[in-house]
2 protein chains.
Amino acid sequence: MKLSTRGKYGLYAMYYLAAHAGEGPQTLQNISTVGVPKQYLEQILGNLRRAGLVSTVRGAQGGYQIATDPQETSLRDIIDAVEGPIELSECASSEHSCQRSGTCPVRWVWQRVTDSINQELEKIKLVDMLNQPCESEENL
Amino acid sequence: MKLSTRGKYGLYAMYYLAAHAGEGPQTLQNISTVGVPKQYLEQILGNLRRAGLVSTVRGAQGGYQIATDPQETSLRDIIDAVEGPIELSECASSEHSCQRSGTCPVRWVWQRVTDSINQELEKIKLVDMLNQPCESEENL
DNA sequence: GGAAATCCGATTAAAAAAGTCGGGATTCCG
DNA sequence: CGGAATCCCGACTTTTTTAATCGGATTTCC
């Protein structure tokens, strides 16, 4: 059970943008650090933009800016935006992939776990990350 | 974010074995139903056996039996056995995959979510599945 | 001894994730 | 105006992971 790197990169990006709010648009160049491929990050920022979490300014001197209040933005907003909603397995989400849906105990249990993960993700806000001790700016 | 089918099949199998406890060894044939490939299930039952959750009897008239108390067996035991412990991403689990470990806020948040998922999985016991309404035996 | 089972490493096939490419569009600035 | 900076975006390739299969070895019952 793994979250993909998309989620991780998405968090990095949002964290960076929140930390640099009010400093004007941040370029892809700025946001990406060692180990984060720029062009891949670009895709992910596209997801975040389409979800309304970041706004962009195109053209020279352009870049990305956070578009929401870090106090109100939960991890779930971010994860859902970059990875899509979590689905523990097909039978738990789409109604028709399994004949047994409705009465299947596995399905029931899956649903319970999914709900619980979502609730936990909603509890954690972007601002909570900002408040974490962090040695230096380099730790984006 | 998806749980693999291994987890699902593992749950099916444990559910089946719990429901047929005391009826002697259940063969792979018995346990697998439509849509669950026998040879794949065999691998998964191997994981469960090595984790001590099922016991086996080899040879003719042999099969699999549940080896634990469904009241004490949590989903986490099962999932960990068949999929390995959950790791949301490398940086959150192995110490040395990232220079920033220790101070990275992303790492912190990842750890929080992982802990919370594990706690939830521990709360749900196999017996809770057995107590779920279930239309018929066929719904293993 | 033969049939019914589990056991197990190796291999293949399919799917998903990660990363790359190339060009298009927009905007600033001189 | 023209060039540089920068986001935009669909398509592609590569890599990794997951799922499934295979073939034979071993054990045990009858």
Side-chain angles (χ1 to χ4, degrees), chain A residues 1-13 16-17 24-51 53-67 79 82-91 97, chain B residues 1-10 12-13 16-17 24-67 79 82-91 97:
Chain A
M1 184 165 177
K2 272 179 111 167
L3 209 58
S4 63
T5 61
R6 286 184 83 87
K8 187 166 74 172
Y9 292 163
L11 280 189
Y12 271 130
Y16 184 95
L17 292 178
Q26 301 293 314
T27 68
L28 202 49
Q29 193 65 245
N30 291 147
I31 304 168
S32 78
T33 36
V34 283
V36 184
K38 273 197 280 296
Q39 291 178 302
Y40 192 33
L41 187 59
E42 192 180 11
Q43 286 182 12
I44 292 163
L45 281 162
N47 289 148
L48 291 169
R49 176 176 52 80
R50 283 184 289 272
L53 297 176
V54 311
S55 64
T56 54
V57 179
R58 301 187 64 177
Q61 269 63 49
Y64 300 87
Q65 284 171 299
I66 192 165
I79 303 284
V82 302
E83 307 207 18
I86 71 177
E87 299 182 9
L88 291 186
S89 84
E90 293 139 33
C91 86
S97 58
Chain B
M1 183 165 177
K2 274 180 111 164
L3 210 58
S4 61
T5 60
R6 287 185 84 84
K8 188 166 71 172
Y9 292 161
Y12 270 129
Y16 184 95
L17 292 178
Q26 301 294 314
T27 66
L28 203 47
Q29 194 64 245
N30 291 148
I31 305 170
S32 79
T33 35
V34 282
V36 184
K38 273 196 281 297
Q39 290 177 303
Y40 192 33
L41 187 59
E42 190 180 14
Q43 286 181 14
I44 293 164
L45 282 162
N47 289 146
L48 291 169
R49 175 176 51 80
R50 281 183 289 272
L53 297 176
V54 312
S55 63
T56 54
V57 179
R58 302 188 64 177
Q61 269 64 49
Y64 301 88
Q65 282 171 302
I66 192 165
I79 303 284
V82 300
E83 308 206 19
I86 71 177
E87 300 182 10
L88 292 186
S89 83
E90 294 142 29
C91 88
S97 59

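In what follows, chains carry the letters A, B, and so on, assigned in the order in which the sequence lines appear, proteins first and then strands, with residues in each chain numbered from 1.
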Can you check the [X] [atom1] to [N] [atom2] distance for me, whole Å?
| X | N | atom1 | atom2 | answer |
| --- | --- | --- | --- | --- |
| A:E83 | C:dA16 | CD | P | 14 Å |
| B:Q26 | C:dT6 | CD | C1' | 14 Å |
| A:Y40 | D:dC8 | OH | P | 18 Å |
| A:R49 | D:dC9 | CZ | P | 5 Å |
| B:N47 | C:dC7 | CG | P | 12 Å |
| A:K38 | C:dT20 | NZ | P | 10 Å |
| B:Q39 | C:dT6 | CD | C1' | 12 Å |
| B:I44 | D:dT18 | CD1 | P | 12 Å |

OP1 or OP2 of [N] sitting under 4.0 Å from any side-chain N/O of [X]?
| X | N | value |
| --- | --- | --- |
| B:T5 | D:dA19 | yes |
| A:T56 | D:dC8 | yes |
| B:R50 | C:dC7 | no |

Categorize [X] for me: base, sugar-phosphate, or nothing, with a 4.0 angstrom heavy-atom threshold over every strand shown.
| X | value |
| --- | --- |
| B:L28 | sugar-phosphate |
| A:Q61 | sugar-phosphate |
| A:G63 | sugar-phosphate |

Closest-nucleotide 5' rank along DNA chain D - winner of A:Y64 and A:Q43: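 Final value for this comparison: A:Y64.
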Exercise: identify the closest heavy-atom pair between A:S55 and A:A67: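 Minimum heavy-atom contact is N-CB, 3.8 Å.
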Euclidean distance, A:L48 CG relative to A:Y64 OH, rounded to 0.5 Å: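 A:Y64 OH to A:L48 CG: 9.5 Å, rounded to 0.5 Å.
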Short question: side chain of [X], backbone of [Y] - any donor-acceptor pair under 3.5 Å?
| X | Y | result |
| --- | --- | --- |
| A:E83 | A:G7 | yes |
| B:R6 | B:V82 | yes |
| A:T27 | A:N30 | yes |

Distance-only donor-acceptor test, B:R58 side-chain atoms vs C:dT6 base atoms, 3.5 Å: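 A donor-acceptor contact between them is present.
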Pair of N/O donor and acceptor under 3.5 Å linking C:dC7 base with B:E42 side chain: yes
